[in-house]
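So the structure is just underneath, and the comments pick up after that.
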Amino acid sequence: MSFSNLGLSEKVLAAVAATGYTNPTPIQEQAIPHVLARKDVLGIAQTGTGKTAAFVLPMLTILEKGRARARMPRTLILEPTRELAAQVKENFDRYGAGQKLNVALLIGGVSFGDQDAKLMRGVDVLIATPGRLLDHTERGGLLLTGVELLVIDEADRMLDMGFIPDIERICKLVPFTRQTLFFTATMPPEIRRITEAFLHNPQKVEVSRPATTAVTVTQAQVPAGREAHEKRELLRRLLREAKDLKNAIIFCNRKREVAIVHKSLQKHGFSVGALHGDMDQPARMAALDQFRKGELPLLVASDVAARGLDIPEVSHVFNFDVPHHADDYVHRIGRTGRAGRTGTAISIVTPLDQKSMAAIEKLIGQSIPRAEGDYEVHAEVADGTERPREQRGRERSRGGRGKPQRGERRGHDRERSHEPREARQPSEARHRPEEKRGSEPRHGARPHANASHVPSIGRPEPRRQREVDTEPGDHSHLPAFLLRPVRSPAGA
DNA sequence: AAAAAAG
């Protein structure tokens, strides 16, 4: 199956070809002909299935004819989060480059006036989050009476976020005769009800069962004490020893925790960004952008990033906190192992999380291996030897100043060349209570810093190894690419 | 229990 026999216009096919895609995904193959036939569509699909292009491409074909009038958008797309809305806009920019199309993004956190000016000029595609959209309609700057096609994306998530009343209000402002495309990953009763209200004789398109996790994702759970500082310490170890780690999203349950973990990792020299809903919009966009471009290999995030965000090639997902809702787990780890790639999802599990973990395992229909203290047994030493775990365990237990064995350091020199500055300022650890004591891990052996995963983007020149670097709070085992290039002021 | 979105 190729894109060429789905009924898309020449322009759109050319744009698709230019991006290098040749074959449609199942959701695209099924949905596109219905959309072009101007049928209502009920799409049941997870993100990562190519869902966005399934409506963007036919919409571009439809929009080639006709022109927008001032304040009366021709099509409207509703998204639950600002990031998702921006992502859909990028799709229109990419595939619609050859068309003179006015695409407007109506999201909160950015200038109202600019948006209003854009609406005034007439837009073909309006992509919005509900709050800001209603704000514009209430102020009279926006009329939805000219909308020919309405897309409701991530409907089940809108439900979770309490947006359904807003969505219903918006739907009342859009002509009854419109075409509606409705996408959801799951079909809870409330969603079923609104599909009956919003859709007319919809064509049902369903791909990949909900509540499944990609087979290419390796999952593990690692036990931890309930203290937050223990979890942070464990996280750092997991980051260091992770195999083939290229980049990772670290999920926390609370915005506050996101900020704390972000700051903590920064202090320990990691190159890391943060993303949560209390950050201002430019900072949110910058963090996501840097992560996408690979400028920041690590991103600490709340569930704002759990669903739908299209970040290609996330190698690892860490659950710093186990999500309280099992379906959030599925969405979070769905950020990795996309498009058939492999991925790893590691959850830090405290005794308090046992019930949530059990619910997750029940939902996904498989048990998640417990790494226990054996986790690091799988870590390879770069020179091919493996030390006894007990020995590793002792490395830091004697006042935390154990000197690593020479042999094991060899082969890591290159990766260690970007040691965190903190390593040179051991005293800094002293005003951090969590770092005061020797950092003997609670559950098993001290892991070897496994650097075998480091891509070849480290410093090329060999560097002599340092003599001693294992002051408590010293975390110099970081692969170079995980390190911050710049250091924030000490004690900040 | 919390996050998200309008401030």
Side-chain angles (χ1 to χ4, degrees), chain A residues 47 76-88 105-116 119 126-142 152-170 173 184-185 190-191 226 228 231 249-262 274-285 287-288 299-309 319-332 334-335 347-360:
Chain A
T47 46
L76 171 61
I77 299 168
L78 296 172
E79 295 288 339
T81 68
R82 299 170 185 176
E83 278 74 17
L84 281 172
Q87 188 171 292
V88 171
L105 192 56
L106 292 197
I107 59 175
V110 294
S111 157
F112 192 95
D114 294 351
Q115 294 175 351
D116 194 56
L119 290 173
L126 186 59
I127 304 156
T129 47
R132 184 57 74 94
L133 180 89
L134 286 168
D135 203 352
H136 279 277
T137 59
E138 280 157 14
R139 298 200 204 184
L142 173 62
I152 299 166
D153 198 14
E154 302 268 335
D156 51 349
R157 186 163 188 210
M158 302 237 211
L159 174 71
D160 291 346
M161 292 165 63
F163 285 171
I164 295 304
D166 285 348
I167 299 301
E168 289 180 312
R169 277 176 66 201
I170 293 164
L173 301 171
T184 181
E190 179 69 359
I191 292 293
R226 68 181 64 174
K231 290 171 69 175
I249 305 179
I250 298 143
F251 282 105
C252 304
N253 286 354
R254 295 173 199 77
K255 291 179 278 198
R256 226 172 57 90
E257 199 69 31
V258 170
I260 293 167
V261 172
H262 174 236
L275 183 66
H276 65 71
D278 277 355
M279 290 163 56
D280 65 54
Q281 193 56 25
R284 283 167 68 162
M285 290 193 171
L288 191 56
L299 184 69
V300 187
S302 69
D303 279 319
V304 69
R307 304 195 195 194
L309 286 190
N319 284 316
F320 183 81
D321 298 310
V322 175
H324 293 286
H325 282 306
D327 53 342
D328 286 334
Y329 177 87
V330 176
H331 288 291
R332 286 180 181 186
R335 297 309 96 208
S347 300
I348 296 176
V349 181
T350 73
L352 298 172
D353 298 320
Q354 297 303 334
K355 263 179 87 173
S356 299
M357 251 359 254
I360 287 164

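For the numbers below, each heavy atom of this structure counts, side chains included, while hydrogens, waters and symmetry mates do not. Below, chains carry the letters A, B, ... as their sequence lines are ordered, and counting in each starts from 1.
Nearest nucleotide to the side chain of A:K255, out of B:dA3, B:dA6, B:dA5: B:dA3.
Within the 4.0 Å cut-off from OP1 or OP2 of B:dA4, at least one side-chain nitrogen or oxygen of A:S302 is found. Between A:R284 and B:dA5, a side-chain N or O to OP1/OP2 separation shorter than 4.0 Å is present. Using a 4.0 Å cut-off, no side-chain N or O of A:R256 falls inside it from OP1 or OP2 of B:dA2. OP1 or OP2 of B:dA6 has at least one side-chain nitrogen or oxygen of A:T129 nearer than 4.0 Å. Between A:R132 and B:dA6, a side-chain N or O to OP1/OP2 separation shorter than 4.0 Å is absent.
Within the nucleic acid shown, A:R82 comes within 4.0 Å of sugar-phosphate atoms alone, with no base atom in reach, counting heavy atoms only. Within the 4.0 angstrom heavy-atom criterion, no nucleotide atom of any strand lies near A:D166. No contact: A:G162 has no heavy atom under 4.0 Å from any strand.
Salt-bridge annotation for A:K231 and A:D321: present, with a side-chain N of the basic residue lying under 4.0 Å from a carboxylate O of the acidic one. Looking at A:D135 and A:R139, a side-chain N of the basic residue comes within less than 4.0 Å of a carboxylate O on the acidic one, giving a salt bridge. Between A:E79 and A:R157 no salt bridge is recorded (no basic side-chain N to carboxylate O distance below 4.0 Å).
Qualifying side chain to side chain contact (heavy atoms under 4.5 Å, CB included) partners for A:A274, counting only residues two or more places apart in sequence or in other chains: A:V258, A:H262, A:M279.
If you take NE2 of A:H331 and C1' of B:dA3, they are 14 Å apart, rounded to a whole angstrom.
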